[in-house]
Amino acid sequence: MELGHDTECALGTVVDLVNSAPEVTGEEGLPDLTALQDLVDRQQVSGIGRLTREDLAGARRLRVRLLEIFRARDQATAVGLVNALVADARSTPRLTDHDGWPLHMHYHAPDARLPEHLAADCGMALAFVISAGEQSRLATCAAPDCERVLVDLSRNRSKQYCDSRTCGNRLHVAAYRARRKGA
Ligand SMILES: [Zn+2]
Ligand SMILES: [Zn+2]
């Protein structure tokens, strides 16, 4: 599916943030502000000032809400969750061409702190996917014992595994299954 650059970036941030949750991996992927700053740098989230403890707490709360959208049992549930998420974020849609990108939309308020910034932009990115009838692209990794989420943006819907080193390649997964069978 064709999405704008920033929407694809926002979906990448959604996946990164959700997969940091202990509810997903069993361990805290955002133990401190350094880990949160790493995520912001990795995902090139623009216009974020110095991070605070409140930002960390807010990001942890946000990822649980994002995870619920991936685990929504049907479209109506996902729609309700996305609408609530976007409604809670103070969003200010506007056109921008920062950092050399062609004109595109931003949804977060210009002075928004990180959690609100991400709630607006990630919420809208998920809204685009769902309104395009593509909710099934919001998926959970097919590897055994892996609960990480992924967004399948491939043309032929071929992405089944998350980007972690263990699941990323099918051969590894096949070998894992074979080992389990043998055990
Ligand atoms: Zn942008
Ligand atoms: Zn996985």
Side-chain angles (χ1 to χ4, degrees), residues 1 3 7-45 51 53 55-85 114-115 118-119 121-130 132-183:
M1 66 186 301
L3 295 162
T7 300
E8 291 195 6
C9 287
L11 292 172
T13 306
V14 168
V15 169
D16 202 352
L17 187 57
V18 169
N19 288 342
S20 76
E23 290 86 347
V24 172
T25 63
E27 56 190 43
E28 178 54 79
L30 290 178
D32 51 30
L33 284 175
T34 307
L36 184 61
Q37 185 66 55
D38 285 347
L39 187 148
V40 166
D41 294 343
R42 192 161 62 234
Q43 299 299 334
Q44 300 181 315
V45 183
L51 295 169
R53 304 297 308 176
D55 292 333
L56 180 59
R60 286 174 176 165
R61 281 194 299 273
L62 174 60
R63 69 188 175 185
V64 177
R65 296 184 73 176
L66 294 170
L67 174 61
E68 285 176 350
I69 296 166
F70 280 80
R71 292 184 175 171
R73 64 186 177 281
D74 53 33
Q75 193 181 61
T77 307
V79 166
L81 292 167
V82 169
N83 281 344
L85 185 63
L114 180 73
L118 293 182
D121 284 26
C122 295
M124 287 303 297
L126 292 168
F128 288 135
V129 172
I130 292 170
E134 305 279 2
Q135 188 186 344
S136 62
R137 291 180 186 269
L138 308 177
T140 301
C141 181
D145 301 332
C146 181
E147 297 292 319
R148 289 186 183 85
V149 301
L150 60 102
V151 179
D152 182 3
L153 294 176
S154 66
R155 201 176 288 263
N156 56 353
R157 294 174 181 265
S158 56
K159 189 169 168 66
Q160 293 182 55
Y161 301 108
C162 74
D163 292 327
S164 78
R165 239 181 315 162
T166 38
C167 308
N169 101 48
R170 286 158 171 265
L171 291 175
H172 182 99
V173 172
Y176 178 93
R177 286 209 175 107
R179 269 204 311 279
R180 277 192 118 198
K181 237 178 176 173

**Interatomic distance, Q44 atom CD to L39 atom CG [nearest 0.5 angstrom]** =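 Reported to 0.5 Å precision, the distance equals 12.0 Å.
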
**Message:** Nearest 0.5 Å, please: how far is CD1 in I130 from CG in L138?
**Reply:**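 That separation rounds to 6.0 Å.
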
Do [X] side-chain atoms and [Y] backbone N/O form a donor-acceptor pair below 3.5 Å?
X: S158; Y: S154; result: no
X: D152; Y: Q160; result: no
X: Q43; Y: V45; result: no
X: S20; Y: L17; result: yes
X: R65; Y: L81; result: no
X: R137; Y: V129; result: no

Is any side-chain heavy atom of [X] closer than 4.5 Å to a side-chain heavy atom of [Y]?
X: T140; Y: R148; value: no
X: L85; Y: L66; value: yes
X: D74; Y: T77; value: yes
X: C141; Y: E147; value: no

